[in-house]
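To keep things clear, I will list the structure first and then write my remarks on it.
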2 protein chains.
Amino acid sequence: MAEFKITQAQKELVEKLGVFYEKSGMQPAACRVMALLIVSDQTELTFEEILHTLGISKSATSGAINLLLTANRLEYITRPGDRKRYFRAKILNWKVDMLQNMSQMTSIGTLLKEINKQRPKASKEFNNILAEMISFLEFLNAEIPFLLKKWESKK
Amino acid sequence: MAEFKITQAQKELVEKLGVFYEKSGMQPAACRVMALLIVSDQTELTFEEILHTLGISKSATSGAINLLLTANRLEYITRPGDRKRYFRAKILNWKVDMLQNMSQMTSIGTLLKEINKQRPKASKEFNNILAEMISFLEFLNAEIPFLLKKWESKK
DNA sequence: TATTTAGTTCTGCAAATTCAGAACCAAGTA
DNA sequence: TACTTGGTTCTGAATTTGCAGAACTAAATA
């Protein structure tokens, strides 16, 4: 067993980042795994290293890893003549993630439209606000690609 | 008891929007209350109307309403000589909400910076990606006000 | 063939969440 | 003073979640 260790300071960062991820509704163990792979000096860790460093059970580790793999937050590489998988955070496509994240935020737009359609003409002020929100969400959605471009060119 | 009712279609919209709100981690009952106040023809509903329309208990209604009040998602008005409170969704400041929402998203930037500081110089590629994310989040945060302005002027 | 490795799957418990029901309370009304 | 109204607060029960532990498996190795 390779003796992989992280410092106290790193442990604290794992917890902090873990809690941040928890806000998105993911289960604690999976959040710790994600956080560990970001904070750790080594960017590629094995099942055993994750399990030992976080002090969680095999089943929890297995569950967390598979959750993250299907959520496309993790990937792994293998090495010739080595049965272990080396997991790493899939942050290379953070741009895609962020765009998805934002368009997910704007996904309420569709629902709001549906709601606005059935609202009575009477409640004008309220309807107008809804319409404004929808309009802004649409605008935002359209604007995101340009934002990315603008940032790229500014670097 | 005023006989306030919503249609089947509206009930379905309340559920849909309710589920959407649930994704943000709020408890189901509170999400239904929010959704009802958006979908309903009447924009101001009493405790009793909410309770009856959603078919939930007094305690659940009380809990949900107070949760939403402290979360600043709801407000209420009163009428002279009427002890009832009339609750309504606080969507008027959706712009503020959305900005908060976005800056909350960018709040991970601070944490990422902290993490990047402690990362070893060795893992260069990984560190560069982190640095890029941080840079983009900062850019985004700075850009949001301009986005709002741009949208306002386009209307 | 037995053993090790790298996990997966199943069972079940412990904790947390969520809500209903009932008791309660304070202000206004009869 | 008793009753009604518009809630709040306090159990407790039903789910749901999250994970440990143990048994299991498939591939590689001895």
Side-chain angles (χ1 to χ4, degrees), chain A residues 1-4 14-15 18-19 21-37 42 44-71 73-88, chain B residues 1-4 14-15 18-19 21-37 42 44-71 73-88:
Chain A
M1 183 182 67
E3 268 308 319
F4 169 71
V14 168
E15 289 309 312
V19 168
Y21 283 135
E22 275 184 45
K23 283 180 206 152
S24 70
M26 234 190 334
Q27 44 175 233
C31 294
R32 297 300 175 285
V33 173
M34 264 314 283
L36 175 62
L37 288 170
Q42 282 169 242
E44 287 155 11
L45 297 179
T46 67
F47 191 98
E48 246 249 307
E49 286 168 337
I50 292 171
L51 172 160
H52 261 87
T53 315
L54 294 179
I56 59 179
S57 72
K58 270 184 152 193
S59 69
T61 310
S62 175
I65 285 177
N66 287 316
L67 188 79
L68 292 167
L69 283 174
T70 41
R73 311 289 309 266
L74 228 63
E75 62 187 346
Y76 61 86
I77 56 158
T78 51
R79 299 190 210 286
D82 187 349
R83 202 138 63 87
K84 285 198 267 296
R85 291 180 290 174
Y86 294 81
F87 299 97
R88 65 179 174 209
Chain B
M1 182 182 72
E3 267 308 322
F4 169 71
V14 167
E15 289 310 311
V19 168
Y21 283 135
E22 275 184 45
K23 282 181 206 152
S24 70
M26 233 191 334
Q27 46 176 229
C31 296
R32 296 302 176 284
V33 172
M34 265 310 286
L36 175 61
L37 287 170
Q42 282 168 242
E44 289 155 9
L45 297 180
T46 67
F47 191 97
E48 245 249 308
E49 286 168 338
I50 292 170
L51 173 159
H52 260 88
T53 315
L54 295 178
I56 60 179
S57 72
K58 269 182 151 194
S59 69
T61 309
S62 176
I65 285 177
N66 287 316
L67 187 80
L68 292 167
L69 283 175
T70 42
R73 312 289 309 267
L74 228 62
E75 62 186 347
Y76 61 86
I77 57 158
T78 51
R79 301 192 210 283
D82 186 349
R83 201 140 63 87
K84 284 197 268 298
R85 292 180 289 174
Y86 293 80
F87 299 97
R88 63 180 175 208

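- The side chain of A/Phe47 sits closest to C/dT8 out of C/dT18, D/dC19, C/dT8.
- Per the geometry, CG belonging to A/Leu67 stands 14 Å off P belonging to C/dT9, to the nearest Å.
- For A/Asp82, the side-chain atoms get nearest to C/dA6 when compared with the rest of C/dA6, C/dT8, D/dC19.
- In terms of phosphate contacts, A/Arg85 brings no side-chain nitrogen or oxygen within less than 4.0 Å of OP1 or OP2 of C/dT5.
- In terms of position along DNA chain D, the nucleotide closest to B/Thr46 lies nearer the 5' end than the nucleotide closest to the other residue of the pair B/Thr46 and A/Gly25.
- Between the side chain of B/Lys84 and the base of D/dG6, no donor-acceptor pair under 3.5 Å is found.
- If you take CG of A/Asn66 and P of C/dA6, they are 16 Å apart, rounded to a whole angstrom.
- Taken from CD1 in A/Ile50 to CZ in A/Phe87, the straight-line distance is 6.0 Å, to the nearest 0.5 Å.
- Closest contact between the side chain of B/Ser57 and the listed nucleotides C/dG7, D/dC19, C/dA20 involves C/dA20.
- The CG atom of A/Asn66 sits 10.5 Å away from atom OG1 of A/Thr61, with the distance rounded to the nearest 0.5 Å.
- The separation between B/Ile56 atom CD1 and D/dT8 atom C1' is 15 Å, rounded to whole Å.
- Between B/Lys58 atom NZ and D/dG6 atom C1' the separation is 7 Å, expressed in whole Å.
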Point to revise | Summary of protein contacts for nucleotides 25-30 of chain C, nucleotide by nucleotide, where a base hit scores B, a sugar-phosphate-only hit scores S (4.0 Å, heavy atoms) | key: -BBS--

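- D/dC19 atom P lies 8 Å from atom CZ of A/Arg32, rounded to whole Å.
- With respect to B/Glu44, the salt bridge (Lys or Arg N to Asp or Glu O under 4.0 Å) criterion is satisfied by exactly one of B/Arg85, B/Lys84, B/Arg79: B/Arg79.
- Distance A/Leu69 CG to C/dT8 C1': 13 Å, rounded to the nearest Å.
- In this structure, the CD1 atom of B/Ile65 is 13 Å from the P atom of D/dT9, given to the nearest Å.
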Practice item. Starting from the C-alpha separation in whole Å, work towards a yes-or-no answer on salt bridge (charged side-chain N to carboxylate O under 4.0 Å, His left out) for A/Arg32 and A/Glu22. Key: CA-CA 9 Å; A/Arg32 297 300 175 285; A/Glu22 275 184 45; 2.9 Å; yes

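- Contact of B/Ser59 with C/dG21 (side chain to base): a donor-acceptor pair of N or O atoms is detected under 3.5 Å.
- The structure places CG of B/Leu45 at 10.5 Å from OH of B/Tyr86, a figure rounded to the nearest 0.5 Å.
- Contact annotation: B/Gln27 side-chain N/O to C/dT18 OP1/OP2 distance is under 4.0 Å.
- The distance from atom CD of A/Glu49 to atom P of C/dT5 is 15 Å, rounded to the nearest whole Å.
- Remark: side-chain polar atoms of A/Thr53 are paired, donor with acceptor, to backbone N or O of A/Glu49 under 3.5 angstrom.
- If you take CZ on A/Phe4 and CG on A/Leu36, they are separated by 6.0 Å, rounding to the nearest 0.5 Å.
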